[in-house]
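Every chain is numbered from 1, with letters handed out A, B, ... down the list of sequences. Nothing here was measured: the structure is a model prediction, and the numbers come from that model.
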There are 2 protein chains.
Amino acid sequence: MQSMDNDPEDQDGGADTGAGNRFGPIAASPAYKLVADAIERQIVSGRVRPGEAIGTEADLVKQFGVNRSTVREGIRLLEQGGLIRRDSSRRLYASVPRYDRLATRISRAFVLHEVTFRELWEATMAIESAVVELAADRISDEGLGELDLNLRKSRAAIDKPSELAILDIEFHTILCKAAGNRVLQLAREPENKLFFPTTEMLFQKNPQAARRNVDAHGAIVAALHRRDKADALLWMKRHVNDWKKGFELIGKSIDEPIDRVYAQHVLESNL
Amino acid sequence: MQSMDNDPEDQDGGADTGAGNRFGPIAASPAYKLVADAIERQIVSGRVRPGEAIGTEADLVKQFGVNRSTVREGIRLLEQGGLIRRDSSRRLYASVPRYDRLATRISRAFVLHEVTFRELWEATMAIESAVVELAADRISDEGLGELDLNLRKSRAAIDKPSELAILDIEFHTILCKAAGNRVLQLAREPENKLFFPTTEMLFQKNPQAARRNVDAHGAIVAALHRRDKADALLWMKRHVNDWKKGFELIGKSIDEPIDRVYAQHVLESNL
DNA sequence: TCATCTCCATTGTCGGACAAGCGGATGATG
DNA sequence: CATCATCCGCTTGTCCGACAATGGAGATGA
């Protein structure tokens, strides 16, 4: 398995090992990067609040004393990073990095690194287990209502694989929202984008899978109604396990990397 | 708790609800974005392999039929996204998104969204538990050796909070590498950047914490040597729990958001 | 063959220019 | 006076052209 974090061209030079190699390589950044970094620091440090307007390009030209083209290139860096955004008038505002954007990039990185379904599945097992336990503690009546509604819709759509797959994603998303943990929420986004979409395929090739899916959801919801954390956890583990069984049942190996063309399709649908 | 994924200006217009609202808003992207998207598709789809050279700016100008400035702005978007990179000669090559770069962005997003230590801690508990279980199955003798070495260094540095904090991060990083799961590896990066660095503070204010930390590491390593998954898991949970206790012991609330200035410092050290 | 040098290609940066579009000011109207 | 339509100016997106610095490749020499 290849590592993901090797990088021969490390700017920082790593930890200084002893007395030799005193000076690390100097980072001679181009001006557009310096512009981007300067603005980024203002935002991250909180000196510019999210929603607050960044100056116009002309302002930045004056402040930084560089050409407008240079400013614009710097802005492009930040724009992709999600730290600034444009409203309808295309003016620039500071922003908090968007969530789904990050999730898309994370998922894309996994695809490019040829992460296997096994890795995805193991992470799913861990995260969803934690989510359901937290949800058992914290879910509100409103959250339970959402789950009930989702469950009813799922039972109605049990013969429609594509609809059911969407409802499956929705189910777990509701659950995670109820768990009230944004770190787990982001950590489980790759599941939404890469893992759960495969359920549609499973439902198509194996009608049994659809029923087991909805049954598991039902059992989890019932357990949450009773605030029965242990039972909810048990069913969640079964539920995630079922995916693996289903995957193997249709003759695919869980150890193969996520299919690139498939994932590209999925990721582009919500670029 | 605020949601992280609301966005009134959604480009896609969401799911079409019934027959009304047939046409979603048209995405009239500027040319530089079209350029970036075009190149991105080439890379993500695999038509351009990582490491392969992208044409020069002049080439792209010819291919896309736009001005060089426009091409350059498009390139800046991709550059920040990590899909292309420049070698020493500043030439452009396709690349796989770097891992630590992504991790930094994720962590920064958490800070800006004012995620609480509780959320981080809950995620840590889930992820580290999964990691140690997988590691118990998969760790090699070499991995065990690395852990042994880390443990020895930790015991030697038990009175040096800053060193010990670094060794603590290293311990969990080794463990995750041994678990052989890159999804979890990325998911736990925010711990490295935001959660574990707080241990230095704990060690400083409470010498007991350092000892408990190293003891827990020792117990985990011993369990892994015996391939005793249950015991390793038990000690890991204690270990993560200790952090919470220590945090409360020094009078801080686990429900407060991650301190912005502190986090900025940590994140900038490996920008 | 190997080291050195020169020249060229390429990037980074600059200056200027213009069309399109939005915001706000201005004016008209009830 | 309030509401609405119109217009002007600012801002962005795009284009053009230019030049210094620098790395690489090929030419040149030992």
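When every heavy atom of A:R118 is checked against every heavy atom of B:N181, the shortest pair comes out as O-ND2, 4.3 Å.
At whole-Å resolution of the value, CZ in B:R72 and P in C:dC14 are 11 Å apart. The distance between atom CD1 of B:I84 and atom P of C:dT11, rounded to the nearest whole Å, is 11 Å. For the pair A:E57 CD and C:dC14 P, the interatomic distance rounds to 14 Å; values are reported in whole Å. Rounded to whole Å, atom P of C:dA20 lies 19 Å from atom CZ of A:R86. As rounded to whole Å, 12 Å separates atom P of C:dT11 from atom CD of B:E79. Atom CD of A:E73 and atom P of C:dT11 are 12 Å apart (whole Å). Note: NZ (A:K33) to P (C:dT11) measures 18 Å, nearest angstrom.
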Please report the C-alpha distance between A:R91 and A:E57 in whole Å, then the side-chain angles of each, then the deciding distance to 0.1 Å, and finally whether the salt bridge (charged side-chain N to carboxylate O under 4.0 Å, His left out) criterion is met. CA-CA 9 Å; A:R91 245 191 286 270; A:E57 293 178 2; over 6 Å; no
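Cation-pi check for A:R76 over B:Y32 is met; the charged atom lies under 6.0 angstrom from the ring centroid and within 45 degrees of its normal.
Of the side-chain N and O atoms in B:R76, none sit less than 4.0 angstrom from OP1 or OP2 of C:dT11.
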Between the protein and nucleotides 15-17 of chain D, which nitrogen or oxygen pairs are less than 3.5 angstrom apart?
| unit_1 | atom_1 | unit_2 | atom_2 | d |
| --- | --- | --- | --- | --- |
| D:dC15 | OP2 | B:N67 | N | 2.8 |
| D:dC15 | OP2 | B:T70 | OG1 | 2.8 |

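For B:Y32, taking side-chain heavy atoms from C-beta onward, the closest of the listed nucleotides C:dT10, C:dG12, D:dT14 is D:dT14.
Of the possible donor and acceptor atoms, one in the side chain of B:Y99 sits under 3.5 Å from a partner among the backbone N and O of B:R182.
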